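Inspection log for the structure reproduced underneath, given as structure tokens.
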Amino acid sequence: MTVTTAEWERLAAAAWAVRSHAYAPASGFQVGAAVLAADGRAFVGCNVENASYGLTICAERAAVCAAVAAGARDLRAVAIATALAVPATPCGACRQVLAEFGPDLEVLLLGDHGARQLTTLAVLLPAPFTFARLRGAQTAAGTDVGS
Ligand code: THU
């Protein structure tokens with residue numbers, strides 16, 4: 001189902017708003033994310049850094065966790081806000097976590113001065129690891145070159 005202009009604007013506003021709550025004393029790089037669930041609800045997350053750097057939680061994963069905690073497991077879209085001239089793409093870990101609940105996710109990247117890029121998770125993460133594969137699904141992710 002295509003995301004409407006009104007839904008994108010709602011997600012974009014939510015991503016920018018939550019970005020202001022980002023806790024980023026280490027990097028100073030604030031990120032806001034808003035996911036749209038199939039039932040129409042939106043959930044937000046911001047990055048939360050830690051003095052033990054590796055424990056940092058990215059905005060996208062925080063938003064996914066908020067959605068799942070509220071019972072929303074079918075995600076349609078995500079908007080990600082960063083104050084960059086060319087908007088940031090989600091990190092690899094976030095792409096994998098987004099794929100768990102939104103394999104067909106549409107992605108809107110938001111940056112400074114109204115910069116916007118529209119893409120999909122399928123473009124950003126073409127061959128995610130999935131529970132289906134874990135259970136033995138035979139989807140090829142590369143060219144068979146034998147043994
Ligand atoms: N960050 C996110 O929140 N999402 C991403 O997809 C990339 C990185 C955060 C983590 C850290 O707090 C800061 O951005 C710099 O890497």
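Predicted model, so just to flag it, every value in this text is computed and none were measured. This chain uses plain numbering: 1 for the first residue, then up along the sequence. Both counts, for ligands and for their atoms, begin at 1 and track the order of listing.
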TODO: Go through the steps for D104 and L121 under the test side chain to side chain contact (heavy atoms under 4.5 Å, CB included), then give the verdict.
DONE: CA-CA 7 Å; D104 300 320; L121 190 63; over 6 Å; no
Task: E100: partners by salt bridge (charged side-chain N to carboxylate O under 4.0 Å, His left out), with sequence neighbours left out - done: none
- [ ] Could you tell me which residues satisfy side-chain hydrogen bond (donor to acceptor under 3.5 Å, both in side chains) with T89, sequence neighbours excluded, listed by chain and number?
- [x] R95
Task: Every residue of the protein that comes under 4.0 Å of ligand 1, judged on heavy atoms - done: S27, F29, V31, N47, E49, T56, C58, A59, E60, P90, C91
Open item on the list: Whether the S20 and Q30 side chains hold a donor-acceptor pair (N or O, under 3.5 Å, no angle test) is what I'd like checked.
Closed with: no
Task: Residues which pass side-chain hydrogen bond (donor to acceptor under 3.5 Å, both in side chains) with D144, listed by chain and number, not counting sequence neighbours - done: none
Task: Salt-bridge criterion met for E9 and R116 (N-O under 4.0 Å) - done: yes
